[in-house]
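For the numbers below, each heavy atom of this structure counts, side chains included, while hydrogens, waters and symmetry mates do not.
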Amino acid sequence: MQTIDRAMQVIKVLAESETKKWFSITDLSKECDLPVSTMHRLLQSMIKHRLIQQDPNLKLYSMGYTWMEYGLQMYDSFDFVGLIRPEMEKLMHEVEESVYFSKPIGSEALIIERIDCPQNPIRIYDQLGIRIPMHIGAANKAMLAHMHTDEALKIINELVPKEEIESFLQILDTIRHKGYGESHGEKTKGTSSVAAPIFNHSNELIGSISIGYVTFNQTEEKQQLLIENLIQASMRISAKLGSSLYR
């Protein structure tokens, strides 16, 4: 187990750096607080399994392509290409804003897909694969509001301060009744988002679709357009996935 923990430490360093994609063994040893000799053995094993790669000339290390291969296999299993992605593209063209699909993983959500509008020069950039605590943002609150009560309460009790839980539950109740959630400047100042839940053939929540936009040039008419098109898209996607909620 210790070897797995150490390997994941290395992957976390390589994956989470926004400015640096290649690291020396000395850098990794310092970041992971491991001796160079231990790090060398670990890196050689990880290279063998293609978890990382090494530049033979510079002797630097970065993420291996195995992660991409497994990620693409998971991506395909979600049936994005045939079902979800075309609807996301349709929504993007309708509202001319960036569209996202997020999936809950425990107390966090993972951004699985993003489609940017090529005609919109101003766009919000949330990196694919980033994890966001479930109590932050429209996409995550839309998912929490439509989860099984026990599952949602477990996450809420973990993330939300005790004195704020009652008001937070009221927000989720409003989202549940409206069918969509909103967020304004919660994650990034000057930006907003609207989101709606996605359900599968068993009418179970599998994620949420959201629209991200800047707020300085937003009108009430455009806001309403976003919400109406978002809800229609979420209903179409859920129906395509076999949900009977919107038939």
Residues in side chain to side chain contact (heavy atoms under 4.5 Å, CB included) with [X], at least two apart?
X	answer
His40	Ile25, Gln44
His177	Asp173
Pro56	none

If every non-hydrogen atom of Val95 is compared with every non-hydrogen atom of Leu225, which pair is closest and at what distance?
->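 Smallest heavy-atom distance, with atoms named: CG1-O, 4.4 Å.
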Do [X] and [Y] make a side-chain contact, defined as non-hydrogen atoms from C-beta onward lying under 4.5 Å apart?
X	Y	result
Ser244	Asn203	yes
His184	Ser192	yes
Lys178	Ile227	no
Glu87	Ile209	no
Met46	Val10	yes
Ile11	Ile52	yes

Could you verify whether a donor N or O on one side chain and an acceptor N or O on the other, from Gln223 and Glu182, lie under 3.5 Å apart?
->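 A donor-acceptor contact under 3.5 Å links the two side chains.
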Sequence neighbours excluded - salt bridge (charged side-chain N to carboxylate O under 4.0 Å, His left out) pairs with any residue from residues 139-149 |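 Salt bridge (charged side-chain N to carboxylate O under 4.0 Å, His left out) check on residues 139-149 returns Lys141-Glu186.
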Show the atom names and distances, to 0.1 Å, of all donor-acceptor pairs under 3.5 Å that link a side chain in residues 146-161 to residues at least two apart or in another chain.
{"from": "His146", "atom 1": "ND1", "to": "Ala142", "atom 2": "O", "distance (Å)": "2.8"}
{"from": "Asn157", "atom 1": "ND2", "to": "Leu153", "atom 2": "O", "distance (Å)": "3.0"}
{"from": "Glu158", "atom 1": "OE2", "to": "Ser107", "atom 2": "OG", "distance (Å)": "3.4"}

Pairs meeting criterion side chain to side chain donor-acceptor pair (under 3.5 Å) with involvement of residues 47-58, two or more places apart =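 Listed by first then second residue: Arg50-Glu69, Gln53-Ser62, Gln54-Tyr61.
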Test side chain to side chain contact (heavy atoms under 4.5 Å, CB included) applied to Ser208 and Ser234, Ser102, Pro104, the passing residue =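 Of the listed options, the one satisfying the test is Ser102.
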